[in-house]
2 protein chains.
Amino acid sequence: MIRISKKVEYALMALKFISQSDNKLVTAREISDTKKIPYDLLSKILQKLKNENILISNQGTNGGYSLNKRTDEIYLFNLMNMLDGDVAVADCMHEAKEKDCSLEDSCSIKSEVAKLQKEVEDVFKNKTISDFV
Amino acid sequence: MIRISKKVEYALMALKFISQSDNKLVTAREISDTKKIPYDLLSKILQKLKNENILISNQGTNGGYSLNKRTDEIYLFNLMNMLDGDVAVADCMHEAKEKDCSLEDSCSIKSEVAKLQKEVEDVFKNKTISDFV
DNA sequence: TCTAATTTGGACTAATATAGTCCTATTTGA
DNA sequence: TCAAATAGGACTATATTAGTCCAAATTAGA
Ligand code: SF4
Ligand code: SF4
């Protein structure tokens with residue numbers, strides 16, 4: 001059904017929220033409350049973004065998150081990769097070859113699927129967080 | 001993870017196969033055997049395509065399927081719709097509003113997601129079976 | 001030094017979607 | 001009448017996505 005996962009949506013909302021908070025640290029709780037995002041899930045997402053150097057985190061009382069990149073340096077394509085794994089329109093299109101397709105031998109559409117992959121990738125590679133702010 | 005379902009892949013292979021069979025009727029068994037597609041699943045797909053007037057079917061001995069449209073009249077976008085339901089990058093983007101998002105009130109990214117939806121749709125609307133043949 | 005606010009992170013469960021199977025009926029040419 | 005085929009409902013299995021639970025570590029401030 002070709003969709004953006006909730007994780008990615010939550011990440012987009014969170015990054016937008018943080019980018020609009022003028023350098024002030026933002027807590028997971030704040031975002032969760034104002035955007036109605038499940039707290040635990042959001043926490044995981046922010047941690048991931050921190051580990052991927054999209055965010056900087058400060059632990060402890062008065063802690064929170066802040067951006068570590070400009071919004072136009074954060075690509076939707078990369079976000080999707082971080083949070084959901086490879087953006088691949090078919091099993092055979094994964095970068096890492098863990099997921100092979102058992103039909104690869106008899107497959108008659110692989111090269112066309114590859115073109116499609118390219119076109120879909122381009123859509124997501126051409127969007128950054130700044131498009132969402 | 002943004003992918004084309006197996007159903008759609010199987011449909012593409014089947015339609016390609018049929019289109020290359022020079023007006024001769026093609027059976028589900030033939031396609032299933034040569035393309036290694038699970039027979040029962042493929043049958044369902046072909047039946048669906050018949051009900052959607054993409055294929056014509058002939059029952060009984062010597063029966064089989066043939067195309068009811070030119071390959072350049074069969075859009076990937078429509079195939080996906082038929083077989084998997086709405087192509088929607090997010091819950092709120094479904095045509096029929098069965099699937100609403102509970103966050104719609106607090107959502108800060110909906111309009112940008114709508115743009116994305118449009119771009120993704122365009123990719124699939126600009127591909128027909130003829131691109132796969 | 002204690003406490004509350006916070007991030008960190010593993011393990012788990014629940015819900016949903018996708019893929020595949022099974023079974024029976026119907027149609028039809030030979 | 002038989003065998004080859006489509007038709008289609010109901011079901012099961014698998015995988016993915018979404019969400020929850022719990023315990024630990026960090027840190028500012030009282
Ligand atoms: S069926 Fe063909 S296109 Fe689809 S995943 Fe397998 S090899 Fe790739
Ligand atoms: S979170 Fe926003 S963009 Fe996503 S489905 Fe809900 S309303 Fe649409």
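Numbered from 1 within each chain, the chains take letters A, B, ... in sequence-line order.
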S.K.: Less than 4.0 Å between a side-chain N and a carboxylate O, is that true for B/Asp91 and A/Arg3?
M.R.: yes
S.K.: How many Å lie between CD1 on B/Ile56 and P on C/dT27, as a whole number?
M.R.: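 Taking CD1 of B/Ile56 and P of C/dT27, I get 19 Å after rounding.
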S.K.: Between B/Lys115 and B/Glu112, does at least one N-O distance fall below 4.0 Å, as a salt bridge requires?
M.R.: no
S.K.: How does each nucleotide of nucleotides 21-30 of chain D score, in 5' to 3' order, for protein heavy atoms under 4.0 Å: base (B), sugar-phosphate only (S), or none (-)?
M.R.: BB---BBBS-
S.K.: Starting at CG of A/Leu41 and ending at C1' of C/dT7, how long is that distance when rounded to a whole Å?
M.R.: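 Rounded to the whole Å, the gap is 16 Å.
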S.K.: Side-chain N or O of A/Arg3 less than 4.0 angstrom from OP1 or OP2 on C/dT18?
M.R.: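 Result: no.
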S.K.: Let me know, please, whether A/Arg29 or A/Ile2 comes out on the 5' side of the other along DNA chain C by nearest nucleotide.
M.R.: A/Arg29
S.K.: Select base, sugar-phosphate, or nothing to describe what A/Asn51 touches, counting heavy atoms under 4.0 Å on all strands.
M.R.: sugar-phosphate
S.K.: Under a 3.5 Å distance rule, please check whether B/Lys35 uses its side chain to pair with a backbone N or O of A/Cys107 as donor and acceptor.
M.R.: no
S.K.: Would you kindly give the CG-to-P distance between A/Leu42 and D/dA18, to the nearest whole Å?
M.R.: 14 Å
S.K.: Start with the C-alpha distance between B/Lys6 and B/Glu9, add both sets of side-chain angles, then the distance that settles salt bridge (charged side-chain N to carboxylate O under 4.0 Å, His left out), and finish with yes or no.
M.R.: CA-CA 5 Å; B/Lys6 283 292 175 195; B/Glu9 287 195 338; 3.3 Å; yes
S.K.: Mind checking side chain to side chain contact (heavy atoms under 4.5 Å, CB included) for B/Ser66 and listing every partner two or more places apart, or none if nothing turns up?
M.R.: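 Counting only residues at least two positions away or on another chain, B/Ser66 forms a side chain to side chain contact (heavy atoms under 4.5 Å, CB included) with B/Leu25, B/Ile56.
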S.K.: Check this for me: B/Phe77, atom CZ, are more than 12 non-hydrogen atoms of other residues, nucleotides or ligands nearer than 6.0 Å?
M.R.: yes
S.K.: Nearest-Å distance, CG (B/Leu49) to P (D/dG8)?
M.R.: 13 Å
S.K.: Distance check needed: D/dT20 P versus A/Ile45 CD1, whole Å only.
M.R.: 12 Å
S.K.: Is the phosphate of C/dA19 approached by B/Lys7 (side-chain N or O, under 4.0 Å from OP1 or OP2)?
M.R.: no
S.K.: Just do the side chain to side chain donor-acceptor pair (under 3.5 Å) check on B/Ser5 and B/Asp84 with the steps written out, would you?
M.R.: CA-CA 8 Å; B/Ser5 70; B/Asp84 297 335; 2.6 Å; yes
S.K.: In whole angstrom, what separates A/Leu83's CG from D/dT16's P?
M.R.: 17 Å
S.K.: B/Lys6 side chain: which of C/dT7, D/dG19, C/dA19 is closest?
M.R.: C/dA19
S.K.: Could you tell me the separation between the CG atom of A/Asp84 and the P atom of D/dG19, rounded to a whole number of Å?
M.R.: 12 Å
S.K.: May I ask you to evaluate whether A/Ser57 reaches the phosphate of C/dT8, defined as a side-chain N or O under 4.0 Å from OP1 or OP2?
M.R.: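 Checking C/dT8 against A/Ser57, a side-chain N or O does come within under 4.0 Å of OP1 or OP2.
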S.K.: With a 4.0 Å cut-off on heavy atoms, is B/Tyr39 in touch with a base, just the backbone sugar-phosphate, or nothing at all?
M.R.: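 Contact class for B/Tyr39: base.
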